[in-house]
Amino acid sequence: MKHLDPMDYSNLRVDGHTHIFCWGENPKEGFLSRRTQKSIISKLLLQLSGIKKERGDTISEKIYNRLFKDLESTELDYIVLFAQDAIYKDGADIDYERTHFYVSNDYVLELAKRSDKIIPCTSINPMRKDSIRELDRVRDAGCKLVKIHTAIQGVSPDLPEFEAFYRHAAKIGITLIFHTGYEHSCQVVSQKFTDPKKLSRALDQGGNIIAAHCGTCAFWDKEDYYPHFIEMMHQYDNLYGDTAVMAGFVRLNACGKLAAESKSVTSRIIHGSDYPIPPSRIPHRKHVGLFPKYRKNLLDLDLNIKRAYNYGPRYENLILELIGFEI
Ligand SMILES: [Zn+2]
C-alpha cells in the first residue's frame, strides 16, 4: 500500500464518485448516443432526479445547473467528478457508432476550475495508443484519479498489454478507479469485464486501485461479483472499494452486507453516490426515515443513508488520503 498522507482530513466530507452528463450539443465536451438518450433508464433518471425542471435551455445546461446548485447547498466539502472516455477505432479515433456515453477529460478539468468543491477524475481507455501520454497530460494538469469503465469502454482489465499503463499510473501516483459489477445504465461490450478478479494485473503494479460499486450486481443479474470483491480485498491491501449506486433499490441489501464485513475490509471503503443516479429511501427508511430534510439534495441524501451504516472513521475522506490532497 502506498503512502498515507499525515495531513488531517478527519473533518472533511467527500463524495468520491459523481457524474456529469452531456446530451451532445457540443460533442467535444461530451455526448450520449441516440440510443442512450432514448433509453428508459435515461428517461427515468431525468424524471426521478427532477433535472428536467431545472433552469436552462438545453438538457446539458439543465444537468450542469443542477450540479452547481446541489454543490452550493450540499454539506459535502468536495465531490470527485468523473469524465468518461470513449471506445476507439484501432486505438486512435473515437468510434462514434460504438460509444454511447462520453465526457471529455478537458471538460471535467474545466469544471474543476469553476468550483473549489470539484476534484476531477479523468478517464482513459487503456486501449488508446496514446494512453500513457494522456496519463502524463492529466497528471500534469493536477489530476490524480483516472477512471476506466470496463464494461462500457470494452476493457478487460486483465490483458497483458495494459501492464505498462498500470505501471506508469502507479509510478506517477495516479489512483485508478475501475467499474466493477454488472452495468445497467448504458450499452455494454461485456459484463464479464466487471469481475473484480480481473484486477490482479493492475494491483500487482503496486498503485492504489478502487473497485467502484464493490463488485455488486442487481438482484436479477445471473452473477454476483461481490464475493469476488471481498476475496480480492483480503488478497491485496492496495485495493479499495466505493459505495456508488449501492443505496439504490436494485442492490437491496448491499449497504448492510458491506457494513457487516471485517474491519480490514470496511476500513478501505470510500464514500461515493453515483450522483445524479438517485438513491432509494424505502430500503433505508429505518436509518433516515422516508422524508429526511436533506432529501432534495441527492448528494446529501446518499451521504446520510450511507453514513448510517458506519463503515468507519475514514469512510468520508479516505479518498483524500489516497491522492495526497492538499487542503
Ligand atoms: Zn458511476
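Counting starts at 1 for both ligands and their atoms, following the listed order. Positions are given from 1, in the same order as the sequence printed here.
By the criterion of a separation under 2.8 Å, the protein N/O/S atoms near the Zn ion (ligand 1) amount to H17 NE2, H19 NE2, D274 OD1.
Between H168 and L135 the shortest heavy-atom distance is CD2-CD1, 4.0 Å. Summarising the geometry of D85 relative to R128, their closest heavy-atom pair is OD2-NH1, 3.0 Å, with the distance given to 0.1 Å. Residues G272 and D302 approach most closely at O-OD2, 3.6 Å, considering heavy atoms.
With sequence neighbours left out, the salt bridge (charged side-chain N to carboxylate O under 4.0 Å, His left out) criterion links R281 to no other residue.
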When the side chains of residues 140-151 are checked against the rest of the protein, which donor-acceptor pairs come out under 3.5 Å, sequence neighbours left out?
from: K144; atom 1: NZ; to: I323; atom 2: O; distance (Å): 2.9
from: H149; atom 1: ND1; to: I152; atom 2: N; distance (Å): 3.2
from: H149; atom 1: NE2; to: H179; atom 2: ND1; distance (Å): 3.2
from: H149; atom 1: NE2; to: E183; atom 2: OE1; distance (Å): 2.9
from: T150; atom 1: OG1; to: H179; atom 2: O; distance (Å): 2.8

Pair up each side-chain donor or acceptor in residues 244-261 with any protein partner under 3.5 Å, not counting sequence neighbours, and list the distances.
from: R251; atom 1: NE; to: T216; atom 2: OG1; distance (Å): 3.0
from: R251; atom 1: NH2; to: Y182; atom 2: O; distance (Å): 3.3
from: R251; atom 1: NH2; to: T216; atom 2: O; distance (Å): 3.3
from: E261; atom 1: OE2; to: Y226; atom 2: OH; distance (Å): 2.7

